Amino acid sequence: ESSIVTVHGKLETATQNYIGGIARMKKVVKFGGSSLASAEQFKKVGNIIRAEESRRYVVPSAPGKRFSADTKVTDMLYGCYAAAENGEDFTEKLAAIKDRYQEIINGLGLKFSLDEDFEVIRKNFAEKAGSNYAASRGEFLNGKIMAAYLGFEFIDAAEVVRFDENGDFQSEITNEIMSARLKKAKNAVIPGFYGATEEGRVVTFSRGGSDITGALVAASINAKLYENWTDVSGFLMADPRIVNNPKKIKTITYGELRELSYMGASVLHEEAVFPVRTSGIPINIRNTNEPENEGTLIVSNEIKHENTITGIAGKQNFTVLSIEKSMMNSELGFCRKILTILEQNGVSFENMPSGIDTVSVVISDSNLKNKTEIIVEEIKRACNPDSVVVYPNMALIATVGTGMAYTKGVASKIFTALAESDINIRMIDQGSSEINVLVGIENDDFEKGINAIYKAFN
Ligand code: ASP
């Protein structure tokens, strides 16, 4: 526990944990599909869970890929159900899914059969129970195997995760039902990814949604920690396809994570963060294949006072419209007019940095489509600016770190690094949260720019 305690710096928490003993410590452990793709992976997971008594509630995904060309069970289920819905014979497709589970059961040496479950599934597929129901069986069945393997109680997520009739997730009632139910279970397996309406119709979250279930379980029992086990040892400071062997991020705040994942870094389901973030429960990203690695800890607040940053991420293909007009700052409604034009053209924008007499609008090319000319014309007509300059083929790089608001020189370090690499900065924006410096450079300079910033801080 020492890592968590240090991060929070809360001595009283440490003392309470010590006095309360391990029995009062509760952790939720979520395992992704690749961690549960085979019996061999299940064994690693079993060892991890058994290594700590506090790992009391387990949220499994469906079996994922065993090798890169393999198919996830969830995708097999969608495929099988599509055949059923078309009135095709889906016997073989369902048998292939059953084989995946049987291989795991055999490999674990369990005396456990899913025959009855598969009979129910076959019937429900034939009766067109819906693709949400179909997909959810991946987690449901894996959860049953996991519970049998660990000797934990199995709790069907349909019982404890609630959606309304429109398929919208209901957080408050879920929290109530889940926490009441888990009070009665010392150890349990709760399958990820789905829940049900009050009438029992199964609804799934979006793809990758087991992360969300894990967070819900953690919030409902006020867990000390939500461990999210996957196949990477946490987040890296930069994309390893761009930077050679980037350092791992040891600790990151929810805010930093949001900035970085918005800019394209991804490990965790976006929505998974909210339930635990509100309750202040840290998330630990861990690697099932490298359990001794401490991974990355996501916390609500951490101020790094050193002259350092947490991570760098970026995206390509933006267009920047740079609008200039003297005395713009005293003109009423200037920006509103620009935004109205974008809105009327159905174009959303990413950023809008402004100076005294200038304002830029950053728009991703996929949003802009081919509307640049129309929009520029309309801005000229409505705002009468001195100039509108269009910068196409732009990339954005976000350098993120909570320390920035408190340390001098971070921004200058970024700009110097880019200048020294002969990269032109077209736009600079420091988000109002002051944990992010955004620069706009040319698409062609993208990888060079990320490397330059990374090197400046490492
Ligand atoms: N099995 C589901 C998917 O493939 C959900 C998850 O793994 O989190 O999207």
Side-chain angles (χ1 to χ4, degrees), residues 28-38 41-42 44-45 48 57-82 93-94 96-101 103-104 114 117 121 125 129-147 154-158 160-161 163 167 169 174 178 189-196 202-219 226-232 261 266-276 283-289 298:
V28 172
V29 285
K30 180 261 168 180
F31 292 89
S34 61
S35 298
L36 299 167
S38 64
Q41 291 298 85
F42 257 77
K44 293 183 195 169
V45 167
I48 290 165
Y57 302 103
V58 182
V59 176
S61 280
K65 295 181 179 191
R66 293 160 294 182
F67 40 89
S68 61
D70 201 11
T71 312
K72 288 172 135 199
V73 164
T74 308
D75 292 313
M76 297 171 83
L77 283 160
Y78 280 122
C80 178
Y81 183 71
K93 287 194 162 75
L94 196 61
I97 296 167
K98 193 172 179 209
D99 284 347
R100 288 287 296 267
Y101 288 104
E103 198 183 291
I104 295 171
L114 289 174
D117 290 290
I121 291 169
F125 275 32
S131 65
N132 278 251
Y133 165 81
S136 76
R137 296 305 89 185
E139 273 69 12
F140 174 83
L141 297 167
N142 226 21
K144 285 197 141 184
I145 298 178
M146 178 66 86
F154 174 80
I155 299 177
D156 187 352
V160 286
V161 176
F163 288 82
F169 172 63
T174 297
M178 180 103 72
V189 175
I190 308 105
F193 189 40
Y194 72 94
V202 169
V203 181
T204 60
F205 291 112
S206 56
R207 292 301 303 266
S210 298
D211 282 342
I212 305 175
T213 311
L216 298 175
V217 175
Y226 169 27
E227 287 180 346
N228 191 300
W229 292 82
T230 169
D231 51 12
V232 293
S261 50
S266 74
V267 176
L268 200 66
H269 196 297
E270 278 262 356
E271 295 162 59
V273 164
F274 295 104
V276 273
I283 308 178
N284 194 185
I285 307 292
R286 298 285 294 262
N287 189 348
T288 301
N289 306 313
I298 312 169

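We count ligands from 1, going down the list as the structure has it; atoms in each ligand are counted the same way. Please read all numbers here as calculations on a predicted model, not as lab measurements.
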Inset, instruction - For F205, enumerate each residue passing the ring-ring contact (aromatic ring centres under 6.0 Å, His included) test, keeping only those at least two apart in sequence or located in another chain. - result: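 So F205 forms a ring-ring contact (aromatic ring centres under 6.0 Å, His included) with F163, F169.
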Legend entry - Partner set under salt bridge (Lys or Arg N to Asp or Glu O under 4.0 Å) for D117, not counting sequence neighbours: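 Listed in chain order: K144.
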Legend entry - Set of residues satisfying salt bridge (Lys or Arg N to Asp or Glu O under 4.0 Å) with respect to K44, sequence neighbours excluded: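 With neighbours one apart ignored, the set is empty.
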Would you say the side-chain atoms of [X] pair up with the backbone N or O of [Y], donor to acceptor, closer than 3.5 Å?
X: E139; Y: S61; value: no
X: Y81; Y: G130; value: yes
X: D70; Y: R66; value: yes

Write out each pair where an N or O from ligand 1 and one from the protein are under 3.5 Å apart, with the distance.
from     : atom 1 : to   : atom 2 : distance (Å)
ligand 1 : 1 (N)  : T74  : OG1    : 2.8
ligand 1 : 1 (N)  : E139 : OE2    : 2.6
ligand 1 : 4 (O)  : K72  : NZ     : 3.0
ligand 1 : 4 (O)  : T74  : OG1    : 3.4
ligand 1 : 4 (O)  : R207 : NH2    : 2.9
ligand 1 : 7 (O)  : S61  : OG     : 3.1
ligand 1 : 8 (O)  : G208 : O      : 3.3
ligand 1 : 8 (O)  : G209 : N      : 3.4
ligand 1 : 8 (O)  : S210 : N      : 3.0
ligand 1 : 8 (O)  : S210 : OG     : 3.1
ligand 1 : 9 (O)  : R207 : NE     : 2.7
ligand 1 : 9 (O)  : G208 : N      : 2.8

